Number of protein chains: 2
Amino acid sequence: MAQPRGQMRNRILDVALELFNEQGYDKTSLREIAERLGVTKAALYYHFKSKSDILLELHLRLHELGRGALDEIDRVGAEKDALNAWPALIDRFVDDLLANRDLFLLHQRNQAAFHEIVDDERHQAENEDIEERFRHVMANPAIPLADRVRMTCSIGAVMVALMGADALFGDEPTERIAELVRSTVHELFPGK
Amino acid sequence: MAQPRGQMRNRILDVALELFNEQGYDKTSLREIAERLGVTKAALYYHFKSKSDILLELHLRLHELGRGALDEIDRVGAEKDALNAWPALIDRFVDDLLANRDLFLLHQRNQAAFHEIVDDERHQAENEDIEERFRHVMANPAIPLADRVRMTCSIGAVMVALMGADALFGDEPTERIAELVRSTVHELFPGK
DNA sequence: GTCTATATTTCGATAGAC
DNA sequence: GTCTATCGAAATATAGAC
């Protein structure tokens, strides 16, 4: 059952993401992950040095998305400013979220669990950098506080509406809801 | 050290809420709760039959808020409809959230943990009732889908902006942020 | 209502064979 | 790269004295 190259590593991450979202990170044991994969617990330790290391790896995928979004803010914000660019940035956020719903769900539903990887070296530098960059955008005194609140509100609007969409608007196609969310949020930035 | 009547029960709930928000529900042991109270683990079992029972009791406080809000929707929605009443309902939600931030934080940061109390009898009836009532509001075909999405967005806007306010707008007084959130969300319902 | 002491379970993690 | 076997730690929960 030896796997060619990095195959198994990704299979583990996929199954872990599945189970973490079904049961929660803390309620999911390595035994369960191994069982669903048809291997034993010990096999997992060849690929990851600890349970939290699996969570970390999944989290790093979110980091990539976050960095990508922040790069975009910097890029577009150079010509205009973050406020003027916000509707376009939100559109991108909607796309990212829909394309990576599982990862966002993991983060939303296991927020407490992520505190346990906060002291990992690999993680810490990146994470503080991302949070700092985001705080920096939201602390920009050149943008009126009212607009910065608007920007924050728009993020929450997208997250709750799209991640709760299945439960609330299960009959409607996701893309229809997404389009409505986009236009709703755009109304908060008239003329931008 | 015997406590008069239900005193200790509430002290346990307060300390548990504190620790659950600091460390997460799963990472908090009964030993820690007992230590912070200056009693032993076994003493807790006199007041609660299990750890998840403590979480349940805290969750029921949120139920009360939820039922209160839904009653208000029904009451106001009888004259107008939920859409017309929404801005006023959001104002109420902002107040509830600010007055019970700890409870909302608990729910937000430990969403996965709540899956473990979902099969409790006391909880189940209430919970399904609340969720069903809420879904019912959001499934009302008399309200255009675009407006129902707007309503959902507004909830997310309030939650993210107010619960993340400390990290983002720590310098500003909470009431100032709250007022900006209210007026931002009101813009999504012009003429209501 | 709180204590000491302990039963029981389960988990994360490691050692070493194959 | 996966296995069997096991260790050690920590947690929930209970029994019974005070």
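So that the names make sense, note that chain A is the first sequence line, chain B the second, and so on, each numbered from 1. Keep in mind it's a predicted model, so treat the numbers as computed, not measured. Values below: all heavy atoms of this structure, side chains included; hydrogens, waters and symmetry mates excluded.
Salt bridge absent: R67(A) and E72(A) never bring a charged side-chain N and a carboxylate O closer than 4.0 Å. Ionic pairing of D14(A) and R36(A) is not present here: no N-O contact between side-chain nitrogen and carboxylate oxygen is shorter than 4.0 angstrom.
Note: NZ (K41(A)) to C1' (dG1(D)) measures 18 Å, nearest angstrom. Residue F48(B) contributes atom CZ, which lies 12 Å from atom P of dG1(C) at whole-angstrom precision. Taking atom OH of Y25(A) as the reference point, atom P of dC11(C) lies 13 Å away to the nearest angstrom. In this structure, CD of Q23(B) is placed 14 Å from C1' of dA11(D), rounded to the nearest angstrom. The CZ atom of R11(A) sits 13 Å away from the P atom of dG1(D) (whole-angstrom rounding). For the pair K49(A) NZ and dA15(C) C1', the interatomic distance rounds to 20 Å; values are reported in whole Å. When rounded to the nearest whole Å, the span between CG of L37(B) and C1' of dT2(C) equals 13 Å. One atom, CG of D26(A), and another, C1' of dG12(C), lie 13 Å apart when rounded to the nearest Å.
With dT2(D), dA11(D), dT14(D) as the candidates, the nucleotide lying closest to the side chain of S29(B) is dA11(D). Distance from the side chain of M8(B) is smallest for dT2(C) among the nucleotides dT2(C), dA13(C), dG1(D). Considering only the side chain of S50(A), dA13(C) comes nearest among dA13(C), dG1(D), dT4(D). Here the nucleotide nearest the side chain of K51(B), chosen from dT12(D), dG12(C), dT2(C), is dT12(D). Checking dG12(C), dG1(D), dC3(C) against the side-chain heavy atoms of H47(A) singles out dG1(D) as nearest. The side chain of Y45(A) lies closest to dA13(C) when the candidates are dA13(C), dC3(C), dC3(D). The side chain of Y46(A) sits closest to dT2(D) out of dT14(C), dT2(D), dT2(C). Closest to the side chain of L30(A), from the set dT12(D), dA13(C), dT2(C), is dA13(C).
For the pair R31(B) and dA10(D), the criterion of a side-chain N or O lying under 4.0 Å from OP1 or OP2 is not met.
Relative orientation of the H123(A) and H63(A) rings is tilted, given thresholds of 30° and 60° on the angle between their planes.
Counting any heavy atom pair closer than 4.0 Å across all strands shown, T40(A) reaches a base atom. Nucleic acid contact for T28(A): sugar-phosphate only, since backbone atoms but no base atoms lie under 4.0 Å from a heavy atom of the residue.
Comparing the helix axis at one end of the helix from dG1(C)-dC18(D) to dC18(C)-dG1(D) with that at the other, each defined from 5 consecutive pairs, gives an inter-axis angle of 10° (nearest 10°).
L70(A) contributes atom CG, which lies 11.0 Å from atom CD of E131(A) (distance to the nearest 0.5 angstrom).
Shown here for L62(B) and L103(B), the closest heavy-atom pair between the two residues is CD1-O, 3.7 Å.
Neither side chain, E116(B) nor Q23(A), offers a donor N or O lying under 3.5 Å from an acceptor on the other.
Cluster annotation: V76(B) and I130(B) are assigned to distinct hydrophobic clusters (Ile/Leu/Val/Met/Phe/Trp/Tyr, side-chain heavy-atom contacts under 4.5 Å, transitive).
Applying the side-chain contact (heavy atoms from CB on, under 4.5 Å) rule to A113(A) yields the partners Y25(A), D26(A), L55(A), N110(A); only residues at least two apart in sequence or on another chain are considered.
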